[in-house]
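Down below is the structure, laid out as structure tokens.
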Amino acid sequence: MGPLAGLKVIELAGLGPTPFCGMLLGDLGADVLRIDRLAEVDLGLDLPDKYDLRNRNKRSVALDLKSPEGHATLMELVGKADILIEGYRPGVAERLGIGPEDCRKVNPRLVYGRATGWGQEGPMAQMAGHDINYIALTGALDRIGPAGGPPVPPLNLLGDYGGGGVYLAFGLLAAVHEARGSGQGQVVDCAMVDGVSSLLTVFHAFRQLGQLDPRRGANVLDGGAPFYGCYATRDGKYVAVGAIEARFYDQMLSVLGLDPATLPDRNDRAHWPGLRARFEAIFATRTRDEWAAAFGGTDACFSPVLTLDEAGGHPQNRARSLLVEVEGVEQPQPAPRFSRTPGGIARLAPARGAHTAEVLRDWGVAQGG
């Protein structure tokens with residue numbers, strides 16, 4: 001099932017972007033083999049296999065890559081694969097004898113994906129880091145947070161998954177497309193600092209045009225504008241408004257019971273604090289769900305701020321079947337969606353080495369260490 005059916009992917013077990021990238025490919029039908037170590041390794045998150053959703057739609061092969069037998073088995077698999085994904089520090093794969101040049105000798109058309117935080121070169125290439133460090137160094141973290149407050153990490157969505165896993169998947173599929181014409185694979189070097197910097201493209205434009213206030217919480221899209229941000233409601237919950245366009249702003253004012261003629265020019269940033277105070281006072285008079293009912297059916301760009309527990313029950317999300325239950329575990333649907341060759345969730349995350357014999361048989365590889 002899925003538009004990537006028939007694509008063979010080897011994912012060397014790791015952290016952050018690599019399992020997420022493998023999940024994206026597996027969700028769309030690729031045959032993803034997760035190569036696990038024989039012994040258990042601390043990867044930072046202790047999740048039961050059933051709930052390790054990033055490893056759904058994969059099969060697990062357990063190998064000792066430092067043993068001659070394990071190395072030979074992996075290289076046999078490489079010879080039959082379209083893609084290999086690794087997230088080691090620079091040089092580690094080469095020391096294991098499974099770097100790009102090693103793999104190229106057995107499979108010239110292999111696309112070799114490398115995911116790191118800092119990239120393959122540079123003075124910090126060998127240093128440890130996590131999502132928060134990569135988004136800090138690119139300037140992204142500095143832009144996120146309340147006025148007068150510290151930067152706020154946006155979970156690990158921006159570095160690990162947005163700038164890492166998604167860009168890695170995009171690059172791998174682009175390289176596979178090219179390889180099918182040229183017959184030659186290549187290395188896809190996915191550094192999270194690169195991906196996050198790419199996500200910041202429009203903000204670099206604003207910066208150079210002098211349209212970006214260097215202070216947090218002082219711009220249109222960072223919560224500074226009174227018509228684009230979150231407001232507390234009477235029950236201690238929150239609502240979000242994003243009425244950037246004038247016609248949507250007018251609808252927001254109508255629901256709030258405000259006459260635009262009595263308000264200052266919203267495009268003059270000097271008026272923003274006063275407008276925000278007005279909106280804060282009004283939103284505080286009703287509960288979140290009362291405001292949701294009041295704004296229902298309007299184009300005021302309004303949303304209640306839902307918790308993860310609540311999200312699946314919203315009518316729009318129910319209509320899209322945003323969350324599905326598979327073997328008793330609720331999880332997001334594969335994305336994006338395809339009209340003719342939809343992806344799906346065929347299996348939950350496997351136990352380490354659960355499919356070793358099965359995979360080697362399916363891929364026509366001799367049993368090894």
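Predicted model only: the values in this text are computed from it and were never measured.
- Residues satisfying the side-chain hydrogen bond (donor to acceptor under 3.5 Å, both in side chains) criterion with E280, sequence neighbours excluded, are absent altogether.
- Residues meeting the side-chain contact (heavy atoms from CB on, under 4.5 Å) test with A93, sequence neighbours left out: E86, Y88, I98, Y112, R114.
- Partners of F283 according to the side-chain contact (heavy atoms from CB on, under 4.5 Å) rule, which considers only residues two or more places apart in sequence or in another chain, are Y231, V239, V241, L256, F279, W291, F295, F302.
- Applying the side-chain hydrogen bond (donor to acceptor under 3.5 Å, both in side chains) definition to pairs two or more places apart or across chains, those involving residues 165-175 are Y167-S198.
- R361 is linked by a salt bridge (charged side-chain N to carboxylate O under 4.0 Å, His left out) to nothing, counting only residues two or more places apart in sequence or in another chain.
- Sorted by first and then second residue, the side-chain hydrogen bond (donor to acceptor under 3.5 Å, both in side chains) pairs involving residues 317-345 (not counting sequence neighbours) are R56-Q331.
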With a cut-off of 3.5 Å and sequence neighbours excluded, list every side-chain donor-acceptor pair involving residues 215-227.
unit_1	atom_1	unit_2	atom_2	d
R215	NE	D213	OD1	3.0
R215	NE	D213	OD2	3.3
R215	NH2	D213	OD2	2.7
R216	NE	G149	O	3.2
R216	NH1	D142	O	3.2
R216	NH1	D142	OD1	3.1
R216	NH2	G149	O	2.8
N219	OD1	D213	N	2.7
N219	ND2	D213	O	3.0
N219	ND2	D222	OD2	3.0
D222	OD1	A218	N	3.4
D222	OD1	N219	N	2.8
D222	OD1	G224	N	3.1
D222	OD2	G217	N	3.1
D222	OD2	A218	N	3.3
D222	OD2	N219	N	3.4

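- Residues satisfying the salt bridge (charged side-chain N to carboxylate O under 4.0 Å, His left out) test with D31, not counting sequence neighbours, are R59.
- For the side-chain contact (heavy atoms from CB on, under 4.5 Å) test, residues two or more places apart in sequence or in another chain that qualify with L137 are W118, M124.
- Sorted by first then second residue, the side-chain hydrogen bond (donor to acceptor under 3.5 Å, both in side chains) pairs that include residues 121-139, not counting sequence neighbours, number zero.
- Every side-chain contact (heavy atoms from CB on, under 4.5 Å) that D52 has, sequence neighbours left out, goes to L47, R54, N55, A349.
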Using a 3.5 Å cut-off and no angle test, enumerate the donor-acceptor pairs between side-chain atoms of residues 3-14 and protein atoms at least two apart in sequence or in another chain.
unit_1	atom_1	unit_2	atom_2	d
E11	OE1	K58	NZ	2.7
E11	OE2	K58	NZ	3.3

